[in-house]
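As the structure is a computational prediction, the values presented were derived from the model and not from experiment. Just so we're on the same page: letters track the sequence lines, and every chain starts at 1. Values reported hereafter were calculated over all heavy atoms of this structure, with side chains retained and with hydrogens, waters and symmetry mates removed.
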Amino acid sequence: MLTQQKLGISYDLFTHTDTENHHRIAQDFFMLLLDRGYLYKEAQKLLYSETEKRFLPDRYVEGECYICHYPEARGDQCDNCGNLLDATLLINPRSKANPTDRLVTRETEHYFLDLAQFTPALLEYLESHASHWRPNVTAFSRNFINEGLRGRPITRDIDWGIPVPLEGWEEKRLYVWFEAVMGYFTASVEWARNIGQPDAWKQWWYNPDAQIYNFIGKDNIPFHTVIWQAELMGVNGIYNDGDDTPLQLPYDVPANEFMNIEGKQFSKSRNWAIWLPDILERYQADAIRYYVAATLPESRDSDFSWEGFFTRVNNELVAAWGNLANRMLTFAYKRFDGKVPSYDALGEKEEAIIAKSEAAFDSVGNLLEEVSLLEALKTSFDLVREANAYLSEREPWKTIKDNPNDAARSVYAILRVIDNLKILLAPFLPFSAQKVHEYLGYEGQLFGDLNIVLYQESTRSHQGLVYDGSKAVGRWQKSNLQAGQALREPSPLFIKLDMSIVDLERSFLGAVRDEHEIVVGQ
RNA sequence: GCCGAUGUAGCUCAGCUGGCUAGAGCGUUCGACUCAUAAUCGAGAGGUCCUGUGUUCGAGUCACAGCAUCGGCACCA
C-alpha cells in the first residue's frame, strides 16, 4: 500500500479479501447460487498424500507419463510429449515437495459452478460488448465459451480460506478464484459502509449508467469475462430488496498483454524483476509512470528496458514536456515580474493553439474512456511538441526586446496551454502536474489524499488504502488562467537521468538480493 | 496437440469496414536558434508491411497454408 501511495495510484478503497465483510458476502453468493440451482455436487478422484494428510493439486505432483512413459511428467501436463494429463493416471505419482511420499487416489466431494447454464446469456453479453472490447479479449472469451463450458469446482480440500457455509463441509473451503473476483463487489460494500452510507455501493452495481472496468493481465481473461459474469448473473438481485434493476456486469475488461524486463519474462525467484519500492527510492514516481505508460503492453507484449527508461525519460518526458513547462515558467517569472503576462489581445496563432489544447479535453477524455492509454498519452505529447514549435516561430525571447506586448501574448498563450496540459497529463503524471499547478500560482492540491487507514471488524482488523478527495481542486476542465496571476519561482519538473543508471540497474537483474536492504512496501 | 492474439523503419509503436506516393515518436544526418535541465525548431536519409499461394481493377489491410513470439487449454494462484 505504501508503494501504491508513493506511486500516486488512487483507490476509493483498496482492501483485502480476508475481511469479515468479504467472507460473509462470498458465503452469501455461494448460498444464493446453491439455492437457485447453479451449483451441483460431484465426487472426483484426486491424489492424496498420506504423510501431509491433504489432497495435492496437480502442479505439486510428478510421475511417469502414461502416454510416452517420460519419467518426470508434471501432474497436469507432460513436458516430453506435450499431452495434458490426468494426474490420477500417472504411473508411480509422487509429491514434488516430498518425493518419497506415497500418494494414493482418493475420492472427495466438491461443489461445481454449472457454467453451462449460463452459455447463452454469456454469449449475448459478449456480443453486446464486443465493439468496445480489445480484440484479443473478445476472441479469447468467445472461444473459451464455444469450446463448451464445463462445471467448475469451487471448493477445495484445504484448511485456509473461506469456509463452505454448510453442515458437514467444515473441512473444505471456497476455491480462491471463485471468491477472489467477488472482491470487486465486496470492496464496494465495505467502502459504502466505511463512508457511512451503507447503500452507496448500489450506485455502481445497480445503476444502469455505471460502467465497470476490470483491469487485468491477459492470463486472467476467462476469470474476468466468463466466470465472474456467470457468478454475477447467478446472484442477480442480491441485497436489492426485490427491486428488479439488474445487477451490473463489467462494461469493459481491458486486459493488458505482458511486460517483460530486458527481453525476458519477470521472475521473482530468479530476481529478474524490478522492485517498485527500490526504484521509487532512486527515481521520480512520474518518470516511472511515464515510461510504463508509454510502453504499456496494450495490444502485444512489451519490454521494460533500462536503456528505454533512460532514453524515453530524458528525450521525451524531460526534453519535451519538462522543458516546455520549465522554459516558459522561468521566462515568465523572470521577464514578466513574476506574473502571468498581461496582453491586449490574442492573435490568430494564439487562439488556435489554445483552442487545440482545449479540444484535447474531449479527444484525450474519450481515449481514456476507451482505455487507449498509449494514444491518449501520445495525443497530449503531440500538443507539447506543437507548443514548442509555436515558440520557435514566435520567439518571445526576441520580441520582448522591441515588442513586449507581442511577447506577452505568446507567453500567456503557452502558459495557458501548459495549464491545460497539466490536467491532460495528470492521470499519467500527477506529481508533476501538482508542481505546474503551484508554479502557475494556484492554491490547493489537484488530487486528494491517499491515506492508509486501519479498519476494525468484530474479530479482526485490516488496512485499507483510501482516497479522500475532499481537498482536491483538480477538475477535467479547460484552463481559465488569469493575466496578472502571481507565479511561484519554478524549477525543473523532472530530474534528467545519467547514463550510468542503465548499467547500474541492469547489474541488479538476476543478482542475489540482500533481503536486509529490501525496502518492504506492503 | 488444440484455440486465440501478435509479427510494419535501428528502437517503441499507429495504420477502423481494401485505394498509400506506407505514417508517428525516439535514434541518426544536415541546418537554424539560444527563453529553457546542451533542452528546442526545420529539413533529409531510413521499410521485399514475417513467408508463400490465392481473391480483387487494386492487399500492410481479405482468404488459405506455413514460420516465429506470447497467453489460455479448466484442481496454479
**Asked** Can you name the one residue among A:Phe30, A:Phe112, A:Phe118, A:Phe29 that meets ring pair (Phe, Tyr, Trp, His ring centres under 6.0 Å) with A:Tyr38?
**Response**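 So, applying the ring pair (Phe, Tyr, Trp, His ring centres under 6.0 Å) to A:Tyr38 and each of A:Phe30, A:Phe112, A:Phe118, A:Phe29, only A:Phe118 qualifies.
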**Asked** Parallel under 30°, tilted from 30 to 60°, perpendicular over 60°: which one fits the rings of A:His129 and A:Tyr251?
**Response**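 Judged by the thresholds at 30° and 60°, the geometry between A:His129 and A:Tyr251 is perpendicular.
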**Message:** On RNA chain B, compare the nucleotides closest to A:Asp219 and A:Pro135; which residue's is nearer the 5' end?
**Reply:**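 Nearer the 5' end of the strand: A:Pro135.
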**Residue whose closest nucleotide on RNA chain B lies nearer the 5' end, A:Asp301 versus A:Pro492** =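 Closest to the 5' end, via its nearest nucleotide, is A:Pro492.
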**Message:** Using the six-membered base ring of B:C35, report whether A:Phe331 stacks on it, requiring centroids under 5.5 Å and planes under 30° apart.
**Reply:**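 So no, this residue does not stack on that base, at least one cut-off failing.
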[options]: which one has an atom nearest the side-chain heavy atoms of [X]?
X: A:Phe144; options: B:A74, B:C70, B:C41; value: B:A74
X: A:Asn315; options: B:G27, B:U37, B:U40; value: B:G27
X: A:Lys496; options: B:A39, B:C35, B:A74; value: B:A39
X: A:Phe223; options: B:U37, B:A77, B:A74; value: B:A77
X: A:Asn136; options: B:A36, B:G4, B:A74; value: B:G4
X: A:Ala139; options: B:A5, B:G71, B:U37; value: B:A5
X: A:Asn323; options: B:C70, B:A39, B:C33; value: B:A39
X: A:Arg385; options: B:C70, B:G25, B:A36; value: B:G25
X: A:Trp397; options: B:C33, B:C13, B:U37; value: B:C33
X: A:Glu316; options: B:U37, B:G71, B:C26; value: B:C26

Applying the Watson-Crick and G-U wobble criteria at under 3.5 Å, what pairs with [N]? Answer none if nothing qualifies.
N: B:A63; answer: B:U53
N: B:C41; answer: B:G31
N: B:G18; answer: none
N: B:A36; answer: none

**Item:** Pair A:Ser410, A:Tyr390: side-chain N/O donor-acceptor within cut-off below 3.5 Å
**Value:**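 Looking only at side-chain atoms, A:Tyr390 and A:Ser410 do form a donor-acceptor pair, the distance falling under 3.5 Å.
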**Prompt:** Is a side-chain donor-acceptor pair under 3.5 Å present for A:Glu505 with A:Tyr283?
**Reply:**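 Judged by distance alone, the side chains do pair up.
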Rounded to the Å, how far apart are [X] [atom1] and [N] [atom2]?
X: A:Arg152; N: B:G72; atom1: CZ; atom2: P; answer: 13 Å
X: A:Glu386; N: B:G25; atom1: CD; atom2: P; answer: 11 Å
X: A:Leu317; N: B:U37; atom1: CG; atom2: P; answer: 16 Å
X: A:Trp133; N: B:A5; atom1: CH2; atom2: P; answer: 15 Å
X: A:Ile145; N: B:C3; atom1: CD1; atom2: P; answer: 18 Å
X: A:Tyr175; N: B:A74; atom1: OH; atom2: P; answer: 11 Å
X: A:Asp382; N: B:C13; atom1: CG; atom2: P; answer: 17 Å
X: A:Asn314; N: B:A39; atom1: CG; atom2: P; answer: 8 Å

With a non-hydrogen cut-off below 4.0 angstrom, is [X] in contact with a base, only sugar-phosphate, or nothing?
X: A:Pro153; value: base
X: A:Gly263; value: nothing
X: A:Leu324; value: nothing
X: A:Phe494; value: base
X: A:Arg335; value: nothing
X: A:Phe140; value: base
X: A:Leu391; value: nothing
X: A:Ser302; value: sugar-phosphate
X: A:Ser299; value: sugar-phosphate
X: A:Val318; value: base

When you compare [N] with [M], how far apart are their [atom1] atoms, in angstrom units rounded to a whole number?
N: B:C33; M: B:G42; atom1: P; value: 15 Å
N: B:G60; M: B:U48; atom1: C1'; value: 12 Å
N: B:U8; M: B:A24; atom1: C1'; value: 13 Å
N: B:C11; M: B:U53; atom1: P; value: 26 Å
N: B:C13; M: B:G31; atom1: P; value: 33 Å
N: B:C50; M: B:G10; atom1: P; value: 13 Å
N: B:G7; M: B:C62; atom1: P; value: 11 Å
N: B:G72; M: B:C26; atom1: C1'; value: 34 Å

When you check the phosphate oxygens OP1 and OP2 of [N], does a side-chain N or O of [X] lie under 4.0 Å from one of them?
X: A:Lys334; N: B:A36; result: yes
X: A:Arg300; N: B:A14; result: yes
X: A:Gln265; N: B:U69; result: no

**Request:** Take A:Trp228 and A:Tyr125 through the ring-ring contact (aromatic ring centres under 6.0 Å, His included) test and state the conclusion after the steps.
**Result:** CA-CA 12 Å; A:Trp228 176 224; A:Tyr125 164 79; over 10 Å; no
**Message:** Between A:Tyr184 and A:His224, is the ring-ring contact (aromatic ring centres under 6.0 Å, His included) condition met? List the steps.
**Reply:** CA-CA 11 Å; A:Tyr184 300 120; A:His224 287 82; 5.6 Å; yes
**Asked** Does A:Phe428 have A:Arg289 sitting over its ring (NZ/CZ under 6.0 Å from centre, angle to axis within 45°)?
**Response**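 No.
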**Prompt:** Would A:Tyr290 and A:Phe381 satisfy ring-ring contact (aromatic ring centres under 6.0 Å, His included), going step by step from the backbone distance to the final call?
**Reply:** CA-CA 11 Å; A:Tyr290 176 77; A:Phe381 265 72; 5.2 Å; yes
**Prompt:** Given the rule in the side chain to side chain contact (heavy atoms under 4.5 Å, CB included) test, do A:Leu39 and A:Asp114 qualify, once you have shown the distances and angles that lead to the verdict?
**Reply:** CA-CA 6 Å; A:Leu39 303 183; A:Asp114 194 2; over 6 Å; no
**Item:** Test applied, side chain to side chain donor-acceptor pair (under 3.5 Å); reference residue, A:Lys172; option that passes from A:Thr155, A:Asp159, A:Thr108
**Value:**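 So, applying the side chain to side chain donor-acceptor pair (under 3.5 Å) to A:Lys172 and each of A:Thr155, A:Asp159, A:Thr108, only A:Thr108 qualifies.
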**Prompt:** Is a donor-acceptor pair below 3.5 Å formed from side chain A:Arg327 to base B:A39, judging by atom type as modelled?
**Reply:**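 Between B:A39 and A:Arg327, which were checked side chain against base, a qualifying N/O pair under 3.5 Å is absent.
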